[in-house]
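Sequence positions, counted from 1, serve as the residue numbers for this chain.
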Amino acid sequence: MSTGRFAVPEPYNELVRSYAPGSVERTSLQERLTRMSKETVDAQMRIGGKTISSSETFTVTAPHDHSLELAEVHALEAEHVEQAIDDCLATAADWAGLAWEERAGVFLRAADLLSGPWRDTLNAATILGQSKSVHQAEIDAACELIDFWRFNVAFYAEILADQPNSSPGVWNRLDYRPLEGFVLAMSPFNFTAIGGNLPTAPALMGNVVVWKPSEKAALSAHYTMELLRAAGLPDGVINLVHGDGAVASDVAMARPEFAGLHFTGSEAVLRGLWSKSGEQIERYRTFPRIVGESGGKDFVLAHPSASVDALVVGLGRGAFEYQGQKCSAASRAYIPRSLWPQVRDGIADLASDLTVGDVADLTTFCGGVIDGQAWQRHTDALAAARDDADIEVVVGGGSDKTDGWFVDPTVLVTPDPRSDTMVRELFGPILTCYVYDDDNWETTLELVDTTSRYALTGGLFATDRAAVDQAADALRNAAGNFYVNDKPTGAVVGQQPFGGARGSGTNDKAGSALNLLRWTSARSIKETAAPAVDWRYPHQG
């Protein structure tokens with residue numbers, strides 16, 4: 001055993017690689033993509049260091065290529081979730097008892113492995129399995145996940161250093177304990193980094209975790225788990241199960257040892273899980289922590305002073321990167337009438353230039369939406385828009401499922417600021433614009449604030465500083481991440497802690513110490529050097 005007051009490495013944001021034609025990283029990634037495209041992974045569950053098969057499996061295919069079978073995934077049954085929980089609980093004392101710097105060392109090593117030899121594998125799994133372009137995979141599966149692991153360790157060290165004052169004759173301390181029980185982590189399809197962070201943030205703080213990723217991200221989850229094992233994560237600290245989230249949550253949340261939920265997904269599912277925990281609150285050993293992020297209907301608001309060129313790029317990137325399948329994606333925009341002709345032409349040209357197709361071709365901008373259900377939802381919304389005489393399709397509006405689940409980058413303009421696609425979260429490459437009279441700036445601020453039940457992200461474009469100040473104040477509760485002269489996507493760990501309130505979740509700010517604080521249960525310790533030996537106080541003299 002070594003002793004010392006250890007300083008963790010200074011965290012830094014991983015440099016985003018360009019993958020430019022002719023670059024070494026482009027050649028290396030293309031080779032890995034070629035190899036993985038020819039493989040069908042046997043993705044078993046991982047419980048207590050053992051691979052666990054099931055009688056029921058499901059196939060993961062590439063969203064942009066129906067013929068490309070990437071993984072045969074073993075689906076959980078109730079008994080597997082019970083087994084995962086029992087194994088976690090059997091591991092809990094040893095993991096919590098490990099020196100904090102040893103736990104931290106696992107994730108620092110994972111970050112360096114991902115920065116190096118594992119980078120191509122996790123990027124390729126994300127490109128193929130989740131249909132991300134090379135840039136979108138790089139900023140997610142590589143850079144953001146690396147950043148989570150490096151910065152979370154530094155945040156943990158800061159938390160441990162936060163200690164109370166001590167008066168003469170007294171030594172006060174804070175002991176940061178893991179939660180008593182296990183954490184259930186349920187992660188979404190759209191970000192490999194979220195899939196990696198949801199189980200590992202609680203684990204870093206000494207907790208044990210049952211991880212149930214989205215079925216549609218099973219390939220990247222499989223490789224993330226293998227990477228963590230290569231980094232030295234002890235068996236049983238994080239147990240991975242695949243399949244039906246309802247079964248997993250039913251079993252996990254019925255256990256008295258259920259101590260927390262780390263969730264990213266839909267608002268409806270989060271509300272359902274919250275209700276489920278409330279209905280069973282009497283059986284729990286402790287009040288469970290619920291940390292959830294649950295979507296958005298994110299806005300871009302332009303002031304008449306906005307730069308048109310910056311606005312057009314912000315709208316295009318914000319709405320269409322990763323096919324609009326980001327909880328932070330721009331999906332409703334408010335444009336002043338004086339700027340609309342230029343914005344309309346600019347965004348139409350931009351959307352028309354975007355390539356849609358096979359993201360294994362590294363020149364492609366948009367891949368397929370995640371599955372047939374998503375494709376149908378977008379197709380139906382576009383059909384309804386075309387049938388509405390009041391809505392104009394500025395660009396796009398089509399979809400095709402012949403080879404993959406493709407939806408055209410689409411811009412709609414509506415005269416009704418509360419029409420369906422201005423309000424409903426579609427989670428696809430569909431941007432709806434409302435054109436307001438320049439004189440109605442203040443009314444539009446209120447409209448932006450009150451239209452959506454969500455409050456995740458929003459972007460403001462303006463060069464008038466008074467307008468920036470006015471909008472920031474009026475929209476203070478409309479977005480947990482508020483961007484000035486930038487798109488509402490692309491939060492960076494350690495720079496823009498991420499999360500929103502209202503229907504968007506608990507706003508516990510992933511990418512900051514605020515999130516990690518939810519996974520610790522502090523104990524105050526007071527030690528008195530010379531305790532009193534007489535019960536009387538001076539005033540009794």
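- A 4.5 Å side-chain heavy-atom check between L270 and M186 finds every atom pair outside the cut-off.
- For the pair S133 (side chain) and C366 (backbone), a donor-acceptor distance under 3.5 Å is absent.
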Q. Can you list the steps and then say if K132 with E138 is a salt bridge (Lys or Arg N to Asp or Glu O under 4.0 Å)?
A. CA-CA 9 Å; K132 287 203 168 187; E138 168 72 5; over 6 Å; no

(Q) side-chain contact (heavy atoms from CB on, under 4.5 Å) for L227 and L114? Distances and angles first, verdict last. (A) CA-CA 8 Å; L227 166 58; L114 180 51; 3.9 Å; yes

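- To the nearest 0.5 Å, atoms OG1 (T489) and CZ (R317) are separated by 9.0 Å.
- Using a 4.0 Å cut-off between charged side-chain N and carboxylate O, R229 and E226 make a salt bridge.
- Applying the side-chain hydrogen bond (donor to acceptor under 3.5 Å, both in side chains) test to pairs two or more places apart or on separate chains, those with a residue in residues 204-215 are S187-W211, K212-E215.
- For the atom pair OG (S37) and CZ (R32), the distance works out to 10.0 Å, reported to the nearest 0.5 Å.
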(Q) side-chain contact (heavy atoms from CB on, under 4.5 Å), that's the test. Do V209 and L198 meet it? Break it down for me. (A) CA-CA 9 Å; V209 184; L198 262 57; over 6 Å; no

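- Side-chain N or O atoms of Q325 include one that pairs as donor or acceptor with a backbone N or O of I370 at under 3.5 Å.
- With no hydrogens or angles considered, a side-chain donor-acceptor pair links T57 and E72 at under 3.5 Å.
- Residues L70 and M36 share a closest heavy-atom pair of CD2-O, 4.4 Å.
- Taking 4.5 Å as the limit, some side-chain heavy atom of L261 sits within range of a side-chain heavy atom of L184.
- In this structure, T126 and Q136 have side chains that are not in contact, with every pair of non-hydrogen atoms separated by 4.5 Å or more.
- Pairs of residues two or more places apart, or lying in two chains, never qualify as ring-ring contact (aromatic ring centres under 6.0 Å, His included) while including a residue from residues 123-148.
- A tilted orientation is assigned to the rings of F107 and W149, their planes being inclined by 30° to 60°.
- Without hydrogens or angle criteria, D65 side chain to G404 main chain gives no donor-acceptor distance under 3.5 Å.
- At least one donor-acceptor pair closer than 3.5 Å links the side chain of S249 to the backbone N or O of G245.
- Within the 3.5 Å criterion, the main-chain N or O of A501 finds no donor-acceptor partner in the side chain of N507.
- Looking at every heavy atom in both residues, I146 comes nearest to A111 through CG1-O, 3.8 Å.
- A donor-acceptor pair under 3.5 Å is formed between the side chain of Q280 and the backbone N or O of M253.
- The shortest non-hydrogen separation linking N515 to K509 is CB-O, 3.5 Å.
- Using a 4.5 Å heavy-atom threshold, the side chains of F151 and N13 count as touching.
- E267 has a carboxylate O that lies under 4.0 Å from a charged side-chain N of R271, or vice versa, which qualifies the two as a salt bridge.
- For the residue pair N197/N152, the side-chain donor-acceptor check at 3.5 Å is satisfied.
- We find that R255 and E82 are joined by a salt bridge, their nearest charged nitrogen and carboxylate oxygen being less than 4.0 Å apart.
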(Q) I'd like to know whether N190 forms a side-chain hydrogen bond (donor to acceptor under 3.5 Å, both in side chains) with D140, so could you lay out the CA-CA distance, the side-chain angles of the two residues, the decisive distance to 0.1 Å, and finally the verdict. (A) CA-CA 9 Å; N190 58 334; D140 165 28; over 6 Å; no

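- Formation of a donor-acceptor pair under 3.5 Å by the R173 side chain with backbone atoms of I525 is not found in this model.
- Between F320 and P429, the shortest heavy-atom contact is CE2-O, 3.5 Å.
- Between Y223 and L219, the closest side-chain pair of non-hydrogen atoms falls below 4.5 Å.
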Q: Assess whether side-chain contact (heavy atoms from CB on, under 4.5 Å) is satisfied between S328 and F498, documenting all intermediate values.
A: CA-CA 10 Å; S328 56; F498 188 79; 4.1 Å; yes

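- A donor-acceptor contact closer than 3.5 angstrom links the side chains of N123 and Y19.
- Residues V8 and F155 fail the side-chain proximity criterion, which asks for heavy atoms closer than 4.5 Å.
- Annotation: side chain of L174 is in contact with side chain of Q163 (closest heavy-atom distance under 4.5 Å).
- Side chain of R285 to backbone of E257: no donor-acceptor contact under 3.5 angstrom is found.
- Nearest heavy-atom pair, E77 versus S54, reported as atom, atom and distance to 0.1 Å: OE2-OG, 3.7 Å.
- A distance of 9.0 Å separates CD1 in I290 from OG1 in T506, rounded to the nearest 0.5 Å.
- When atom types are taken as modelled, the side chain of R177 and the backbone of S521 share a donor-acceptor pair closer than 3.5 angstrom.
- G368 approaches Q323 most closely through the heavy-atom pair O-NE2, 2.9 Å.
- Considering OG of S331 and NZ of K297, their distance stands at 3.5 Å, rounded to 0.5 Å.
- For Q373, the CD atom sits in a loose shell: 12 or fewer heavy atoms of surrounding residues, nucleotides or ligands are nearer than 6.0 Å.
- Relative orientation of the F58 and H242 rings is perpendicular, given thresholds of 30° and 60° on the angle between their planes.
- For CD of E79, the number of neighbouring non-hydrogen atoms (other residues, nucleotides, ligands) closer than 6.0 Å is greater than 12.
- Taking the six-membered ring where the residue is Trp, F427 and F189 present perpendicular rings, their angle passing 60° and hence far from 30°.
- Remark: K50 NZ to Q83 CD distance equals 8.0 Å, nearest 0.5 Å.
- Judged purely by distance below 3.5 Å, without hydrogens or angles, the side chains of S266 and E425 never pair a donor atom with an acceptor atom.
- Rounded to the nearest 0.5 angstrom, T51 OG1 and R46 CZ are separated by 5.5 Å.
- A salt bridge links K276 to D250: at least one charged side-chain nitrogen sits closer than 4.0 Å to a carboxylate oxygen.
- With no hydrogens or angles considered, a side-chain donor-acceptor pair links S115 and E14 at under 3.5 Å.
- Between F191 and Q130, the closest side-chain pair of non-hydrogen atoms is not below 4.5 Å.
- Note on ring orientation: taking the six-membered ring where Trp is involved, the planes of W519 and H262 are tilted (angle from 30° to 60°).
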Q: Carefully, step by step, assess R17 and R119 under the rule side-chain contact (heavy atoms from CB on, under 4.5 Å).
A: CA-CA 11 Å; R17 295 181 178 177; R119 195 184 200 110; 3.3 Å; yes

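- Looking only at distances, no side-chain donor or acceptor of S504 sits under 3.5 Å from a matching main-chain atom of Y454.
- A 6.0 Å sphere centred on CZ of R476 holds no more than 12 heavy atoms belonging to other residues, nucleotides or ligands.
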